[in-house]
Amino acid sequence: MIEASNYWTVSCAEDFAAPKLNENLSADLVVIGGGYTGCSAALEAAKLGLNVVLLEANFCGFGGSGRNVGLVNAGLWLPPDKVEEKIGSASGEKLVDALSKAPELVFDLIKENQIQCEPKRNGTIHCAHNQKGLTDLKQRRAQWQARNAPVELLNKEQIAKLTGTHAFQGGLIDHRAGTIQPLGYLRGLARVAQAKGAKIFENSPAIRLEREKGSWSVITPNGDVAAKTVLFAQNAYAEKNVGLTASKTAIVNYFQAVTHPLSDEIWTSILPQEQGCWDTAPIMTSVRKAGGNRLLIGAMGRPEGVGRYIHLRWAEKKISQLFPRLKTAGFEAYWSGKISMSSDYIPKIMRLDSDLYGIFGYSGRGIGPGTYFGTKFAQYLISTSQQTLPVELSDSYKDRYHRIKSVVFELGAQVSHL
Ligand SMILES: Cc1cc2nc3c(=O)[nH]c(=O)nc-3n(C[C@H](O)[C@H](O)[C@H](O)COP(=O)(O)OP(=O)(O)OC[C@H]3O[C@@H](n4cnc5c(N)ncnc54)[C@H](O)[C@@H]3O)c2cc1C
C-alpha cells in the first residue's frame with residue numbers, strides 16, 4: 001500500500017527544531033516563512049549584524065523548500081532570451097546573469113557550512129520527449145552558449161547512456177547545476193541562520209500585522225514582534241489565516257512518488273552518474289535518484305481525491321515505460337507541494353507598504369533563486385540601494401485569473417495523465 005509521506009522528511013540527515021514564540025520581542029527585521037527565501041534572508045541579515053526574528057507557521061521546510069525535486073538549476077524556468085524579452089534587456093541580463101551563478105551560491109553555502117544534504121554537482125539534464133522538445137532544447141543551448149554557459153546538447157545515444165532509458169530524443173546537460181536533498185539543505189540554512197544569531201520560532205504563525213508610530217508589529221497567537229521591516233516569504237504557502245499576504249498567484253501542484261529500494265544491479269543501470277532530469281513535455285515529468293537506492297518520479301498534479309487515483313496510476317505506468325525493469329518495483333510513498341506561478345513567470349519582490357515587502361513567484365525554480373533573492377534582500381536593507389536587488393521592486397502585482405489558472409493547471413495534468 002502506497003503511503004502519503006514525504007521521503008525527504010524520512011531520509012533527512014539534518015535536524016532542526018525551534019521553539020514557539022511565547023513572549024514579546026523587537027527586531028530590525030521580521031521574516032514570515034521558513035523556506036529558502038526566509039532562511040536565506042535571515043541568515044544574511046544576521047551575518048550583516050541585524051537583529052532578525054523568523055516566524056514559521058509550521059516547521060522550517062514545511063512549504064515547497066521541504067518538498068521539491070532538489071534540482072539546483074541555473075537561471076529561471078524561462079529561457080534567458082525570454083526573460084530579457086519580458087523585463088527588458090538590461091534588467092533581464094542582470095537577472096539571468098545573477099541566477100546563472102545561483103547554483104554556485106547554493107553549493108558554496110553547503111560546503112562552507114557542512115550542510116548534510118547529499119549534494120551532487122554533476123549537472124542536470126533537460127530531456128527532449130519528442131522532436132519539438134529537441135528543437136526547443138537546441139534554442140536553449142544557443143541562448144545559453146551565447147552567454148558562455150557550460151551547456152551541452154546530448155544525442156539520442158548519449159542521453160540513453162546517461163539516463164538508462166531510450167525514451168528521449170536528446171537532451172541538454174547543464175554543468176552548472178546539480179542535485180540536493182532539499183529538506184536537508186533548508187534545515188542546514190535554518191541551523192546556520194540560528195547559529196549566526198537569527199531568532200527562529202516554529203509553530204508561530206503571523207496572524208496579523210499592525211502599524212504604530214512608524215513601526216510594524218507582527219502578531220502571533222502567543223507573542224508579538226515589533227520591527228522596522230517585515231518580509232513576507234510565504235510564497236505558495238500564504239494561507240488565509242494571515243491578514244495580509246504578498247502573493248496571490250496561480251498555483252501549480254506537483255507530486256513525487258518514491259520507489260522501494262532497488263537492487264544494486266537495477267540501481268546502477270539508471271542514471272549511472274546520478275544527474276537529476278526532467279523532460280520537455282508541457283505536463284513535465286522529473287526523475288532523479290535519492291539515497292537508499294530509491295528512484296523518484298514526479299509530475300504536475302494534485303494527488304488528492306480523484307487526482308490521487310489518476311496521478312499515481314499514471315506514475316506507475318510512466319516509470320515502467322521509462323524503465324521496463326521497474327514494472328513491478330512499486331512505490332513506497334508519495335507527497336506533493338504547491339508552486340507559486342507569477343503571471344509572467346518572473347519572481348517578484350514587492351513593496352507592499354513602507355518597510356513591508358514580499359518575495360514570491362519563482363514559478364517552479366526556487367532553490368537557487370530563493371537562496372539568491374533572500375540573500376540579496378538582506379543586503380538591500382543595509383545598502384538601501386535597489387541596485388542590490390536582482391529585480392526591480394514592484395509596487396503592485398495582480399493576476400486577475402490566478403484562481404482559474406490554478407484549476408486549469410490541475411485539469412490539464414489530470415487529462416494528460418488519464
Ligand atoms: C513539488 C515541488 C517540486 C519543486 N522542484 C523544484 C526543483 O527541483 N528545483 C527548484 O529550484 N525549485 C523547485 N520547486 C520550487 C521551490 O521548491 C520553491 O520555489 C521554493 O521552495 C520556495 O521557497 P520559499 O522559501 O519562497 O517558500 P516555501 O518553502 O514554500 O516556504 C514558505 C513558508 O511560509 C510558511 N508560512 C506560511 N504562512 C505563514 C504565516 N502566516 N506565518 C508564518 N509562516 C508562514 C509556510 O509554512 C512555509 O514553510 C519545486 C516546488 C515544489 C512544490
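Predicted model, so just to flag it, every value in this text is computed and none were measured.
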Worksheet item: Is the closest side-chain heavy-atom distance between Tyr372 and Pro390 below 4.5 Å?
Response: yes

Discussion item. I'd like to know whether NZ of Lys228 has more than 12 heavy-atom contacts from other residues, nucleotides or ligands below 6.0 angstrom.
Written reply: no

Worksheet item: Would you say the side chains of Arg308 and Tyr334 form a donor-acceptor pair under 3.5 Å?
Response: yes

Practice prompt. May I ask you to say whether Lys111 pairs ionically with Glu104, meaning some side-chain N is under 4.0 Å from a carboxylate O?
Written response: no

Worksheet item: Are side-chain heavy atoms of Val407 and Arg403 found at a separation under 4.5 Å?
Response: no

Discussion item. Can you see whether Phe201 has Lys20 sitting over its ring - NZ or CZ less than 6.0 Å from the centre and within 45° of the normal?
Written reply: no

Worksheet item: Are Gln139 and Gln143 close enough that a side-chain donor and a side-chain acceptor fall under 3.5 Å?
Response: no

Discussion item. Within a 6.0 Å radius of atom NZ on Lys338, are there more than 12 heavy atoms belonging to other residues, nucleotides or ligands?
Written reply: yes

Worksheet, complete the sentence: What one should report as the nearest heavy-atom pair of Gln273 and Asn122 is O-ND2, 2.5 Å

Worksheet item: Going by atom types alone, do Thr375 and Ser40 pair a side-chain donor with an acceptor below 3.5 Å?
Response: no

Fill in: Which atom of Met284 lies closest to which atom of Asp279, heavy atoms considered
CA-OD1, 3.4 Å

Item to complete: Decide side chain to side chain contact (heavy atoms under 4.5 Å, CB included) for Leu312 and Phe331; before the verdict, give the C-alpha distance in whole Å, the side-chain angles of both, and the deciding distance to 0.1 Å.
Response: CA-CA 9 Å; Leu312 294 182; Phe331 291 120; 5.8 Å; no

Worksheet item: Between Glu392 and Gln386, does any side-chain donor sit less than 3.5 Å from a side-chain acceptor?
Response: no

Discussion item. Check whether Phe107 forms a cation-pi arrangement with Arg176 (NZ or CZ under 6.0 Å from the six-membered ring centre, at most 45° off the ring normal).
Written reply: no

Item to complete: Please round to the nearest 0.5 Å and tell me the distance separating atom CD1 of Ile359 and atom CZ of Phe373.
Response: 7.5 Å

Worksheet item: Do other residues, nucleotides or ligands put more than 12 heavy atoms under 6.0 Å from Tyr345 OH?
Response: no

Worksheet item: Would you call Arg208 and Glu210 a salt bridge, using N to O less than 4.0 angstrom?
Response: yes

Discussion item. Any donor-acceptor pair under 3.5 Å linking the side-chain atoms of Thr249 with those of His402?
Written reply: no

Worksheet item: Between Lys248 and Arg400, is there a donor-acceptor pair closer than 3.5 Å when you use the side chain of the first and the backbone of the second?
Response: no

Worksheet item: Going through the checks in order, is the ring-ring contact (aromatic ring centres under 6.0 Å, His included) test met by Tyr357 and Phe232?
Response: CA-CA 6 Å; Tyr357 299 88; Phe232 283 96; over 10 Å; no

Worksheet item: Does the Glu14 side chain pair with the main chain of Gln116, one donor and one acceptor, at a distance under 3.5 Å?
Response: yes

Worksheet item: Side chains of Lys161 and Gln158: donor-acceptor distance under 3.5 Å anywhere?
Response: no

Worksheet item: Can you find a side-chain donor-acceptor pair between Glu304 and His311 that sits under 3.5 Å?
Response: no

Discussion item. If only side-chain N and O atoms count, and only distance matters, is there a donor-acceptor pair under 3.5 Å linking Asn293 with Asp264?
Written reply: yes

Discussion item. Between Asn73 and Thr124, do the side chains contain a donor N or O and an acceptor N or O under 3.5 Å apart?
Written reply: yes

Fill in: Shortest non-hydrogen contact between Ala46 and Val52, atoms and distance
N-CG2, 3.7 Å

Item to complete: Verify, without hydrogens or angle tests, whether Asp344 (side chain) and Ile346 (backbone) share a donor-acceptor contact under 3.5 angstrom.
Response: yes

Item to complete: Evaluate side chain to side chain donor-acceptor pair (under 3.5 Å) for Gln181 paired with Ser11, printing each intermediate quantity in order.
Response: CA-CA 9 Å; Gln181 210 279 20; Ser11 65; 3.1 Å; yes

Practice prompt. Please test Val151 against Gln145 for side chain to side chain contact (heavy atoms under 4.5 Å, CB included), starting from the C-alpha separation and ending with a verdict.
Written response: CA-CA 7 Å; Val151 297; Gln145 284 188 343; 3.8 Å; yes

Worksheet item: Quick one: are Ser5 and Val10 in side-chain contact, heavy atoms under 4.5 Å?
Response: yes

Practice prompt. Using distance alone, with no hydrogens and no angle criterion, decide if Gln256 and Ser336 have a side-chain donor and acceptor under 3.5 Å apart.
Written response: no

Worksheet item: Do the two ring centres, one from Phe16 and one from Phe59, sit under 6.0 Å apart?
Response: no

Practice prompt. Assess whether side chain to side chain contact (heavy atoms under 4.5 Å, CB included) is satisfied between Ile32 and Gln234, documenting all intermediate values.
Written response: CA-CA 7 Å; Ile32 302 175; Gln234 306 144 290; 4.0 Å; yes

Worksheet item: For the residue pair Trp77 and His126, does the interplanar ring angle fall in the parallel (under 30°), tilted (30 to 60°) or perpendicular (over 60°) class?
Response: tilted

Item to complete: Would you mind reporting whether Ile110 and Cys117 have side-chain heavy atoms less than 4.5 Å apart?
Response: yes

Item to complete: Determine whether Ile207 and Pro221 make a side-chain contact, defined as any pair of heavy atoms from C-beta on separated by less than 4.5 Å.
Response: yes

Fill in: Over 12 foreign heavy atoms within 6.0 Å of CD, Gln387
no

Worksheet item: Checking side chain to side chain contact (heavy atoms under 4.5 Å, CB included) for the pair Arg67/Phe62: CA distance, chi angles, key distance, verdict?
Response: CA-CA 8 Å; Arg67 300 166 188 251; Phe62 173 84; 3.6 Å; yes

Worksheet item: Between Asp399 and Lys405, is there a salt bridge with N-O shorter than 4.0 Å?
Response: yes

Worksheet item: Relative to Trp267, does Arg294 satisfy both conditions: NZ or CZ under 6.0 angstrom from the six-membered ring centre, and within 45 degrees of the ring's axis?
Response: no

Discussion item. Tell me whether the count of non-hydrogen atoms from other residues, nucleotides or ligands lying under 6.0 Å of CZ in Arg313 goes above 12.
Written reply: no

Discussion item. As an exercise, state the distance from OG1 of Thr165 to CD1 of Ile319, rounded to the nearest 0.5 Å.
Written reply: 11.0 Å

Worksheet item: Taking all atoms of both residues into account, what is the closest heavy-atom pair of Ala315 and Phe255, and its distance?
Response: CB-CE1, 4.2 Å

Worksheet entry | Any Trp335 side-chain heavy atom under 4.5 Å of Val258 side chain | yes

Discussion item. Is a donor from one side chain sitting under 3.5 angstrom from an acceptor on the other, for Tyr254 and Ser286?
Written reply: yes

Practice prompt. Evaluate the salt bridge (Lys or Arg N to Asp or Glu O under 4.0 Å) criterion for residues Arg147 and Asp81: first the C-alpha distance (whole Å), next the side-chain angles of each, then the deciding distance (0.1 Å), finally the verdict.
Written response: CA-CA 10 Å; Arg147 293 166 175 86; Asp81 281 5; 3.0 Å; yes

Fill in: Asn51 versus Lys199, side-chain donor and acceptor atoms under 3.5 Å
yes

Fill in: Residues Asp136 and Arg140 bridged, charged N to O under 4.0 Å
yes

Worksheet, complete the sentence: Looking only at heavy atoms, the pair that brings Phe323 and Thr163 closest together is CE2-O, 3.4 Å

Worksheet entry | Salt-bridge criterion met for Lys82 and Glu85 (N-O under 4.0 Å) | yes

Fill in: Shortest non-hydrogen separation from Ala233 to Val31 and the atoms involved
CB-CG1, 4.3 Å

Item to complete: For residues Arg288 and Val69, determine if any side-chain heavy atom of one lies less than 4.5 Å from a side-chain heavy atom of the other.
Response: yes

Worksheet item: How about Arg302: does its CZ atom have over 12 heavy atoms from other parts shown lying under 6.0 Å from it?
Response: no

Worksheet item: Any side-chain donor-acceptor pair under 3.5 Å between Ser394 and Arg351?
Response: no

Worksheet item: Just checking, is any N or O donor in the side chain of Tyr36 or Asn68 under 3.5 Å from an acceptor N or O on the other one?
Response: yes

Discussion item. A side-chain contact here means heavy atoms from C-beta on lying under 4.5 Å apart; do Lys196 and Leu43 qualify?
Written reply: yes

Worksheet entry | Donor-acceptor side-chain pairing of Tyr185 and Ser65 below 3.5 angstrom | no

Discussion item. What's the separation between atom CG in Asp224 and atom OG in Ser26, rounded to the nearest 0.5 Å?
Written reply: 11.5 Å

